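Because the structure is predicted, anything quoted here is derived from the model rather than measured.
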Protein chains: 2
Amino acid sequence: MQSLIDIQKRLLPDLLQVLHKRYSILRHIGFMQPVGRRSLASNLGYTERVLRSEVDFLKEQNLVSINNIGMSLTSEGKNLLEDLEGLIRELIGIDVMELELKHRLKIRKVIIVPGNSDESLMVKEDLGKACAFCMKKYLTGKNIIAVTGGSTMAAVANVLTPEIGKKELLFVPARGGIGEDVQNQANTISSIMSKKTNSKHRVFYVPDQVSNEIYQSLIKEPEIHEVLNLIKSASMVLHGIGDAITMAERRNSKPEIMQKLVTNGAVGEAFGYYFNEKGEIVHKVLTIGLQLEDLAQIPNVIAVAGGTSKAKAIKAYMKKAPASTILITDEGAARMLLKG
Amino acid sequence: MQSLIDIQKRLLPDLLQVLHKRYSILRHIGFMQPVGRRSLASNLGYTERVLRSEVDFLKEQNLVSINNIGMSLTSEGKNLLEDLEGLIRELIGIDVMELELKHRLKIRKVIIVPGNSDESLMVKEDLGKACAFCMKKYLTGKNIIAVTGGSTMAAVANVLTPEIGKKELLFVPARGGIGEDVQNQANTISSIMSKKTNSKHRVFYVPDQVSNEIYQSLIKEPEIHEVLNLIKSASMVLHGIGDAITMAERRNSKPEIMQKLVTNGAVGEAFGYYFNEKGEIVHKVLTIGLQLEDLAQIPNVIAVAGGTSKAKAIKAYMKKAPASTILITDEGAARMLLKG
DNA sequence: ATGGAGTGGGACATAATTTGTCTATGGTGG
DNA sequence: CCACCATAGACAAATTATGTCCCACTCCAT
């Protein structure tokens, strides 16, 4: 059943939209009948003419009847509407969630894949695929793509294809090496991504914590300076979002920092920034590279994070996320986000 | 509660049409790949530009890939196509048509493939595939299979696989060579079938029209006698159904015979028998081999014929066909049959 | 090597459709 | 009777789909 709709969605991407549109028109007519076109249009937020075309169609299908007093459902229309109720809920559940989340989080777009990546590795792969699809959509011509580390980003890297690399791509790590295991470091991931897409990448390894003097001298290194420029002019950023404590542990943070995070109620992490539930920055890993405030300048910011366990972290980070952010998440996280 | 598809038929008939269009494009690409836009367009009956828009869409969806040699399905496209088959069948209402036809024609089973073999060679191949599938289903242990000639049977022969030949098969021509071009003669076809399935076959060449004396002496030839016995003990017969006049022409029938057929209103042909609309035999090519009355003794009789143009012929023949007949036809013929 | 027939992609004028907006006309209810 | 809301008609403007070229390129058979 779900698969049936999925198959159709592939060939008719706007199938659900149209279905939903016609459904909501039917529903409104059922509710307000007999009702005139104008009041219905303003109620539904469509212009009069658009609504009229749809209504003409529905009339053609014998689902609504029109007379001089207004529009009403026929008995056929009433029956169909009842059958639809249940279906719609199931079918467009995810689409509704996407829209709702987009509004709540005040970001550009939300993409939800079914399932829960906490429970199934497959779902994590699906997150990756969704991300790849999204990248393909927004990449145009030459592109510099800045990426961060993390297991989710690693999953993304694994599903990239040369297809995506047909455009001219250059992958760079978004920030200096933040001490995770090599497998999930930004450097490693950007290199895998470039390999998978047959494109180029730059490495960018700088020590995690630097004093100001060292920072100043590092920045003058032409090599580093160049990469920094690349990063700041990126047209796309891919990043994960992590649970604060988990991330801190994974980075082997010092006890005093752990303490600081706990007392300040850190729940989320992204780019080496730690956020509390209000979205305030409570700690920051000092390193060279993309800074949070740089994000606003970047046209496409794609955040990928899924799993019920990450809902809090996502919520926290999204309070500071730029409005141009696209969130790719899963059903588990989405439901949790909508609950809270 | 109606099924999802029924609801969609009601609420989205326009989209379903598009679905069907895109499906048929995918199917044609799958069949003809790699194929160019122009030849595909003329094949499908669309203008170049329309096809192009659709193909652009399919490419966008990652279902077809385009390179300088032509268009092909991606693996995703291939998968989707397979998944679609069932959906489309339901959409067109093929299952319903199959049942209805089975009852109307009073035969054992009807199998319908989508499309119209008058318009597309592909559909003829699909007929063949459906036949192969059906054969596989009804063959058990040792089998003698009697086959007739015709372009449809040739199409069947072409799609047989060694898979089917895992059972012990012996192909024989059902009747003496009825003078068509060698390509479509029963002898040729049974030989191709045996080759394709890695099994055995017997040739059976006797002149078309024989006098009684010659018949008697021929029948005593041990070689011919043996083959005749094989034919009569066949466990399966595969045969085509032809348009009467077309067949007569193809056989270079004498003018007086043509005249006879026309005046008696012959419309269908099978096994060298010509039928009028009432199913009465109006002429018979005199030759040795399987006779119409022998069919009743044969457990599995599979008739394969498709295309709008053959509807009349099918209808005519089916009035005389044994009840054990399985008809494999296409949407074009089926619709026409149901209309009349 | 070479010409021809195939390929995809670009371009563009034109046709067709969708859309926004306004008007005419006619019932309905107070 | 009049104000109000209803549908249907109309139509220009905007948008999209369509038919038709042409071009450069790549095979393949000669």
*Asks:* Looking just at side-chain N and O atoms, do Arg250(B) and Asn184(B) make a donor-acceptor pair shorter than 3.5 Å?
*Replies:*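 On atom types as modelled, these side chains do not qualify, holding no pair under 3.5 Å.
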*Asks:* Over how many whole Å does the gap from Arg37(B) atom CZ to dC22(D) atom C1' extend?
*Replies:*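 After rounding, the gap between these two atoms is 12 Å.
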*Asks:* How many Å lie between CG on Asn43(B) and C1' on dT7(C), as a whole number?
*Replies:*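 Atom CG in Asn43(B) sits about 16 Å away from atom C1' in dT7(C).
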*Asks:* Over how many whole Å does the gap from Met71(B) atom CE to dT7(C) atom P extend?
*Replies:*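 In whole Å, dT7(C) P lies 8 Å from Met71(B) CE.
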*Asks:* Atom CG of Asp56(A) and atom C1' of dT17(C): how far apart are they, to the nearest Å?
*Replies:*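 Spelled out: CG on Asp56(A) to C1' on dT17(C) is 14 Å.
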*Asks:* Starting from C1' on dG9(C), measure out to CZ on Phe57(B) and report it in whole angstrom.
*Replies:*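 It is 20 Å, rounded to the nearest whole Å.
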*Asks:* Summarise protein proximity over nucleotides 18-30 of chain C in one line of letters, 5' to 3': B for base, S for sugar-phosphate only, - for none, counting protein heavy atoms closer than 4.0 Å.
*Replies:* -BBBBB---S---
*Asks:* How about Ser235(A) and Asn143(A): does a side-chain donor come under 3.5 Å of a side-chain acceptor?
*Replies:*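 Present: a donor and an acceptor within the cut-off.
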*Asks:* Could you state the atom-to-atom distance from CD of Glu60(A) to C1' of dA8(D) in whole Å?
*Replies:*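 My rounded result for the distance is 15 Å.
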*Asks:* Rounded to whole angstroms, how far apart are CG on Asn67(B) and P on dG6(C)?
*Replies:*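 It is 17 Å, rounded to the nearest whole Å.
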*Asks:* For Ser117(B) and Lys310(B), does a side-chain donor sit closer than 3.5 Å to a side-chain acceptor?
*Replies:*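 No, Lys310(B) and Ser117(B) have no side-chain donor paired with an acceptor closer than 3.5 Å.
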*Asks:* CD of Gln17(B): more than 12 outside heavy atoms within 6.0 angstrom?
*Replies:*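 Not more than 12 within 6.0 Å, no.
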*Asks:* Find the distance Lys59(A):NZ to dT7(D):C1' and express it as a whole number of Å.
*Replies:*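 Between C1' of dT7(D) and NZ of Lys59(A): 9 Å.
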*Asks:* With side-chain hydrogen bond (donor to acceptor under 3.5 Å, both in side chains) as the criterion, how do Arg38(B) and Ser42(B) come out once you've worked through the C-alpha distance, each side chain's angles and the decisive distance to 0.1 Å?
*Replies:* CA-CA 6 Å; Arg38(B) 289 157 155 89; Ser42(B) 73; over 6 Å; no
*Asks:* Strictly by modelled atom types, are Glu54(B) and Tyr46(B) linked by a side-chain donor-acceptor pair under 3.5 Å?
*Replies:*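 Short answer, no.
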